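Data first, discussion second: the structure below is written as structure tokens.
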Amino acid sequence: MVPNPRISDIVQCLQTPIHDLSSLLSLLAAPLNSMGLLPKSYTHHDTNPLSGKCDIPNHVHILQRVLLQHIVPTWQTTMKERGSMLLLDQYFCPINLSCEVIPVWEIVMLAYSTICSLHFNDTSIRLLQQLSIEYPISRLCESMVFCEYTSKQETIWEDYVNNILSLSSRIGNARMHGLLAPDLFDHANHLNNLSIQCEELISRSSRRSTKAATIHPIVYLVTKLANHGAFPPTLSVARSQPSFFAVTLSAVMKQLKGSGHDSYANFWSTLINNIPSSLTLRKILQSLFVSLPGAQAVGLGQSFFLDHGRLKEDVQLLRGILGAPDLSKAQLWECAMALVMDNEWSYYTTQVLLTWISGDLTWGLLNLDSLRVFMNSLVSVWTSTLHIRHSSLSKHRYLTTFLLLVISRMPRNSPEVQRLITLPSFIKAVGSYVSHLDPLIRICGMLTAEIVASMCGRVLNFNSWEGNDEGRIWARHIRQVIETPNEYVIKDGVHVSIDIEPTVRLSNNSEVLPNADPLTHNDSDSDDSVVGYDSSLPSRSSSPELDELSAIETDPSLNTGVQILPHPVYLYQLCNLIRNSSPSDGRGSDEFNKIDVALTIAERLIRTRDFVKEENAPELVRSFLGLQNHYDLSEFDARRQRVLNTLVACCPHQAAPCLIEELFKDQYSISQRFSALNAVSFGAQELNTIPSPPSPTISNQPRFPHNRSFASFLTSHDTKVETLEIMDDVPEHTNLELDAPRTVCSQWQGLTKSSRRLSLPSNSGLHVMPFTLLGSTYFILPLINRFWLYLRDGQTRQGGTMHLGGRSKYCGAGTGLLLSPLVLAQFLRTLAALAHTFRNATDWLAIIAPEALELAVTIGMQQTTYMDPEADVDNIGLKTPEREDVDALVLTAVLELILVILENCVEKDGGKYLCLYHMTILFNINDWASGIFSRLNQGYRPQGGGSHETKLLKYIIAVLHQIDSMQRWLKGTTDSPLVAVF
């Protein structure tokens, strides 16, 4: 080697073969001595010093690369044996030196860059472990900030942060090739150690200054930690899950209670406000909220018991890290509000966030500005149409609780609360809540309306809070929480913290007159109000009790002139009894007694009178179906339902088609249509469970039927299904005797009561109908055919008015019409129940199954109703985008019907017949269900909302699974639907 070499000469010599160790040590010692990094024990190896000085930015990374690529593979073992590895390590991890002697931080950062640019080996892992211990990130950043922080240093720092955060993944890949590495570089351990070092860096930097040169490197480090998963959105106990706040909150709380807590809190607040990305800031805030010590101790349940000492510590922790809520810090405020609205926090976390937003527990201040803005944001979400329709029950309860807690913090009769009660969007939202299909969601709106009205000094009471169901218990708990003493009040313009009377006291005995305005002031002096005056002394005599009224009603001395209505004996008398019922008379009129008697004895009379049942069945069906409860009869709906069920069960040939025909007429209400559908379904089920007697050839004595259902005669192992034929008219479901094969007589003319109890001769000539033919002839096919006709007529009338505007268009989805979502869903569920009841019919696979599937997929794929465009407008004046989508209630019922059909097809023949002869229907169902599944995963939310949305995904997966089980009959014509979806 030439005397007094340059760096280029040493690099060239290191790349060529070296013959002895002394020459190698001489080459290594010269650059180290030039930089001042040569240990004193190795100064005798510097036999040929450099001619110039070694430039760290330009020369060190070249020397590091040459050493890792050429020297380490050849001389590592020899140098370890001679104890000379320290010279090699000094190029990467200088030790026993002071940072002020030379910018060691630059050598270390270059070492990370060089090592990460090459393939890892044992030496690389050892050097990285040594660097992590000797030069933590806090020490390097502190040393770098002492120098002038230029754009070049910023680039070096960013490269260093990226390299050090990528170590866990790089070393994990190296382990796949058999390389051993310490647990220090596991993903969770590595990020947790970096998080601890980051907190130490924040603590050290807060004692010096908060200038930009100090904050910007830490901001970049925190941002990268968030991008690599150091701020998880949920609390996890898994050891493989890193968490910044889980390992640093104890140190943060200790610093906030120490002597320099002000500077430390200011540095944290400045750091949070300098996060450049709102997404990164949301990750940090959400991880902070879920990592609160009090929230971890309480858990995620909705317990309403609070530890105020723990609550105070957590609020101070939030104020120390985030600072006081300031509307001028737009990014922090928007991210915090978004997290509050989008997530469902526990009651404890809700109280912590609300206390942080509204004021401070230490100084007793109430931040009215932030509280007012926060309440407006909550109200805008709570009153939105999308939230009311599509949010889950837990989301409704969470936002309702948060809104009521915010309102309870506001001063009583404050302008903000007074404005809220007259806000049009709030009034409209209360109406939407009250008319919601889910009663548990309905309670949220009623409870909010009552509490807000009470805070404004007005009276509103729905009188529906007594009971032990889930919704009312929750409402009573929330009311109790709201009525607890508030800790904040503003008095005479001075912020004080005192205990005051509850801001909301709703009396359980408060009464609202039926015709009174529910939102009227109690202290009004105007006589124009229809609200009665409160008085401590009664102004009239007390009203009689219910027992007294009953005694008066049954007193024979007062019932003179009242005629006792004779009970009908024949069915035509029953028809005459209810034919001309009218609500023109009062409660004590003959019409009331007629209807009451008819409902009482109709079921028994229909089951015992068989001679003229068929000719009277249609008139009885129309009469009982059209009855209205004008006289408030007890159990009116239940008794009418039992009568209709009995008509269908005892006379299916006339009653079932008549009910189906009446179902598609427009004069019936939703309740009456539900009664008709339930009667068809329950009557078919009663026919299906008729007991079968012993063989009539054994004895001529009366026999009683066995307690065996129709399902007991049919099993999945039967190769030949036995035909069970049922009696059209079965008196009392007893004394039933069948001949072989078992038959049901539709006409009993000429038979006495005693002869009917005996076994029937095989040559009696009576008309028989197999039970397996009843379903398609009198139940399912009439229901489907009538629906197609009704749908055709409705769409024809709709198409004739499409050119008109506004409310001049024909609307086929009115309150009482069949195409409304509520009735249409019940219709589909009834059809599914009938299809399952008659699943053993001989024509089930050939006729019933394809017809029902075609009806279901048509309703699911096409628009069957036209919604009024003026009736679906949200609070910002825009039409909702889901106006032409199928309602969630209807969509769920469609999937239920399809699932019932497919399950029975698979049970019968594995889906062979359906796949071979109706493959197009299966393909359409597969494509439609797959599309709905994809849209649900993309965030699609159908109309209707409530609890029905949670059922959609389960039904869709079940339908796709059933189609997938039929793949062996599709002969490779299509891919598996589940594989295509997932």
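Quick note: residue numbers are just sequence positions, from 1. Just so we're clear, the structure is a prediction, and the values are computed from it rather than from any experiment.
- Smallest separation of non-hydrogen atoms from Ile95 and Gln90: N-OE1, 3.2 Å.
- With 3.5 Å as the limit, one finds no donor-acceptor pair spanning the side chains of Thr223 and Thr280.
- Between the side chains of Gln286 and Asn343, at least one donor N or O lies within less than 3.5 Å of an accepting N or O.
- Pairs passing the salt bridge (charged side-chain N to carboxylate O under 4.0 Å, His left out) check and including a residue from residues 250-276, sequence neighbours excluded, do not occur.
- Take Gln76 and apply the side chain to side chain donor-acceptor pair (under 3.5 Å) test, not counting sequence neighbours, and it matches Thr123.
- A donor atom on one side chain and an acceptor atom on the other are not found under 3.5 Å apart for Asn33 and Tyr42.
- Of all the heavy atoms in Ser269 and Lys329, the pair that sits closest is OG-NZ, 3.5 Å.
- Nearest heavy-atom pair, Ser370 versus Ile357, reported as atom, atom and distance to 0.1 Å: OG-O, 2.7 Å.
- The minimum heavy-atom distance linking Leu14 with Ile71 is given by the pair O-CD1, 3.7 Å.
- Partners of Ser203 under the side-chain contact (heavy atoms from CB on, under 4.5 Å) rule, at least two apart in sequence or in another chain, are Glu199, Arg207, Gln255, Tyr264.
- Side-chain atoms of Thr270 come within 3.5 Å of backbone N or O of Asn266 as a donor-acceptor pair.
- With contacts defined as side-chain heavy-atom distances shorter than 4.5 Å, the pair Asn273/Leu322 does not qualify.
- A donor and an acceptor atom, one from each side chain of Ser23 and Asp20, are located under 3.5 Å apart.
- Listed by first and then second residue, the salt bridge (charged side-chain N to carboxylate O under 4.0 Å, His left out) pairs that reach into residues 71-91 are Asp89-Arg126, sequence neighbours excluded.
- Taking 4.5 Å as the limit, some side-chain heavy atom of Pro31 sits within range of a side-chain heavy atom of Ile10.
- Evaluation of the side-chain contact (heavy atoms from CB on, under 4.5 Å) rule for Ala338 yields Arg282, Asp342 as partners, not counting sequence neighbours.
- In this structure, His19 places its NE2 atom where only 12 or fewer heavy-atom neighbours from other residues, nucleotides or ligands lie under 6.0 Å away.
- Side-chain N/O atoms of Glu344 and Ser394 include a donor and acceptor closer than 3.5 Å.
- In this view, Phe244 and Phe231 satisfy the ring pair (Phe, Tyr, Trp, His ring centres under 6.0 Å) rule, not counting sequence neighbours.
- For the residue pair Thr349/Ser346, the side-chain donor-acceptor check at 3.5 Å is satisfied.
- Looking at heavy atoms from C-beta onward, Lys283 lies out of side-chain contact with Pro232 at the 4.5 angstrom threshold.
- Using modelled atom types, one finds a donor on one side chain and an acceptor on the other under 3.5 Å when comparing Asn926 with Ser930.
- Within the 4.5 Å cutoff, the side chain of Phe374 has heavy atoms near those of the Val340 side chain.
- For Glu134, the CD atom sits in a packed shell: over 12 heavy atoms of surrounding residues, nucleotides or ligands are nearer than 6.0 Å.
- Contact check for Trp75 versus Leu21: side-chain heavy atoms found under the 4.5 Å cut-off.
- Scanning all heavy atoms of the two residues, the minimum distance from Ile171 to Leu128 falls at CD1-CD1, 4.4 Å.
- When all heavy atoms of Ile125 and Pro182 are compared, the closest pair comes out as CG2-CD, 3.7 Å.
- Under the 30°/60° scheme for interplanar angles, the aromatic rings of His190 and Phe185 are found to be tilted.
- Separating the OG atom in Ser26 from the NE2 atom in His44 is a distance of 10.5 Å, to the nearest 0.5 Å.
- With 3.5 Å as the limit, one finds no donor-acceptor pair spanning the side chains of Asn192 and Ser195.
- Two rings, from Trp157 and Tyr220, have their centers 6.0 Å or more apart.
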